[in-house]
Amino acid sequence: MSEEITKTVSLVSPRLTAKKAEALSYVYKTYGEILKEAVDIMHQKGITSWVKAWKELYRYFREKYPDLPSHYIDEAIRDAATRLKSFQKLKKKGLAYTDKPEVKQWTVSCSNKLWKLSFQGVEIATHVGRIRIPLLFHKQFYILYNSGWVLRNSCRWKIKDRKLRLYVFFRKTVTPNTNYTKVIGIDVNENNVTLFTLPDHKAITIVTNHSKIVLGYAYRRKAIQERYAHSLRSLRVALRKLRERNVKKALRDKIASFIAKIAKKENAILVLEKLPKRFQEIVVKRNGLKSFDAHRIMQSAIRGIQKRIVEKALEYGVKVEFVNPKNTSKTCPRCGSSLNLMTGNAQRRGWQPRVLKCKKCSFTHDRDVIAAWNIALKLDVSSMPWGSKGAHDPYVEWLVATMNRKVEAQPLSP
């Protein structure tokens, strides 16, 4: 079954002239005023349908802002309806922190009649006519543009410090491969991601040491807050220079790309654990963690890594399945008996092997390798002889690799 995937590319303009910046700023601020007022009116009247909202509000805003191109009003009302629907879903789940939706940040949505993109830049409709704005195109844009991705006819933009930031969307239809010949079970942990391939019985542990990154930034952030406690502006500048979010995102992207390429090369299906939402909170509460340890678990990004793996696998045409994670780290993959922990559980200082031993058959291996093996076995592949056969199973080939910011993977001694 074909699926459509979307990627967002951000393009920035050089510093604009005062006249162009003033025209775009007027559209940006007016769009925000319409959006805020539309959200308030729709919330009071209980309207979430875009069609009903348009019938109720279009004429009112058209008379209030006669110089603004009418399609901006359409898009602002549509944006308000989307925000209200999202707020209601969060409220039903008990995740809304306010009584009504608040609009603090926004980008201007443009339909195909409000903008036109070319390699010279972009034309955007304003209250004083169309404005031509040069853009700084980068490598990522050209890669997508020349590799089968289709540019969508809508975009979003905002203006700050007399610079335009344009968000364009590429889409691509892919069909995941269903004629796979191998299964790769993936166990995502705080400090590593472990892969186990069937029927090859090969395992790879990609060491991320995510806990060291999280705790390192936590200690640095605390020191910065103490140092610049007297100056809020200096504090914001110093915290912005940390770039913690960018480092974590780069790590997730590298892991996902690495795994997707392996699955594509091996003609394999990926199998992941189906984890509950907000499961980090469950772990923190169950183990009674506090302070930096609680922060470390909450920032572990296990579901975030899984999500990125799914997105990248789909981009490569690799199929992904989810299975129940119950007892994947407690059951022997060879005989099905329970396992005993031979080494400690602590992962605060980075990845270290955690050895488990079977009570019945004495099979001994790393906990994450066993978990990935069991995850792979949980996929229904009854038509293929990939399961364990007994005490004379093939030797498990295990490779440990570390993922750095600059280097893809550094092989270590197995």
**Request:** For Lys19 and Glu22, run salt bridge (charged side-chain N to carboxylate O under 4.0 Å, His left out): C-alpha distance rounded to whole Å, both residues' side-chain angles, the deciding distance at 0.1 Å, then the answer.
**Result:** CA-CA 5 Å; Lys19 188 176 181 180; Glu22 183 181 356; over 6 Å; no
**Test salt bridge (charged side-chain N to carboxylate O under 4.0 Å, His left out) applied to Lys249 and Asp253, step by step** = CA-CA 6 Å; Lys249 182 180 181 299; Asp253 290 344; 3.0 Å; yes
**Test salt bridge (charged side-chain N to carboxylate O under 4.0 Å, His left out) applied to Lys113 and Asp74, step by step** = CA-CA 12 Å; Lys113 295 182 180 180; Asp74 295 342; over 6 Å; no
**Item:** Audit row: Tyr316, Ile259, side-chain contact (heavy atoms from CB on, under 4.5 Å) steps and yes/no
**Value:** CA-CA 10 Å; Tyr316 278 79; Ile259 293 173; over 6 Å; no
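With salt bridges taken as basic N to acidic carboxylate O contacts below 4.0 Å, none links Glu244 and Arg220.
Arg221 CZ: more than 12 foreign heavy atoms inside a 6.0 Å radius. The environment of Tyr145 atom OH is sparse: at most 12 non-hydrogen atoms of other residues, nucleotides or ligands sit within 6.0 angstrom. No more than 12 heavy atoms of other residues, nucleotides or ligands sit less than 6.0 Å from atom NZ of Lys100. Shown here is Asp67, whose CG atom has more than 12 heavy atoms of other residues, nucleotides or ligands within 6.0 Å. Within a 6.0 Å sphere centred on CZ of Arg59, heavy atoms belonging to other residues, nucleotides or ligands number 12 at most.
Checked by atom type and distance alone, the side chain of Lys378 pairs as donor or acceptor with a backbone atom of Asn324 at under 3.5 Å. Here the side chain of Lys172 pairs no donor or acceptor atom with the backbone of Leu144 at under 3.5 angstrom. In this structure, the side chain of Arg252 does not engage the main chain of Ile305 through any donor-acceptor pair within 3.5 Å. Side-chain atoms of Asp368 never come within 3.5 Å of backbone atoms of Asp187 as a donor-acceptor pair (strictly under, hydrogens ignored). Of the possible donor and acceptor atoms, one in the side chain of Asn374 sits under 3.5 Å from a partner among the backbone N and O of Thr331. Using modelled atom types, one side-chain atom of Tyr28 and one backbone atom of Trp106 make a donor-acceptor pair closer than 3.5 Å. No donor-acceptor pair under 3.5 Å is formed between the side chain of Asp161 and the backbone N or O of Lys163. Between the side chain of Tyr65 and the main chain of Ile73, no donor-acceptor pair closer than 3.5 Å is present.
The ring-ring contact (aromatic ring centres under 6.0 Å, His included) check on Phe363 picks up Trp373, with sequence neighbours excluded. Scored by the ring-ring contact (aromatic ring centres under 6.0 Å, His included) test, Phe169 finds no partners at all (sequence neighbours excluded).
Between Phe137 and Phe119, the two ring planes are tilted [angle within 30° to 60°]. Using a 30° and 60° split on the angle between ring planes, His127 and Tyr26 fall in the tilted class, from 30° to 60°. Between Trp54 and Trp50, the ring planes lie tilted relative to each other; the angle falls in the 30° to 60° range.
Inter-residue side-chain proximity for Ile375 and Glu273 is flagged as met; some heavy-atom pair is nearer than 4.5 Å. Residues Arg354 and Asn189 are in side-chain contact: their nearest non-hydrogen atoms beyond the backbone lie under 4.5 Å apart.
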Donor-acceptor pairs under 3.5 angstrom involving side-chain atoms of residues 34-49: please list them, not counting sequence neighbours.
{"from": "Glu37", "atom 1": "OE1", "to": "Lys64", "atom 2": "NZ", "distance (Å)": "2.9"}
{"from": "Glu37", "atom 1": "OE2", "to": "Tyr60", "atom 2": "OH", "distance (Å)": "2.5"}
{"from": "Lys45", "atom 1": "NZ", "to": "Glu56", "atom 2": "OE2", "distance (Å)": "2.5"}
{"from": "Ser49", "atom 1": "OG", "to": "Val51", "atom 2": "N", "distance (Å)": "3.4"}

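For the residue pair Thr205 and Asn192, no side-chain donor N or O sits within less than 3.5 Å of a side-chain acceptor on the partner. With no hydrogens or angles considered, no side-chain donor-acceptor pair links Ser70 and Arg62 at under 3.5 Å.
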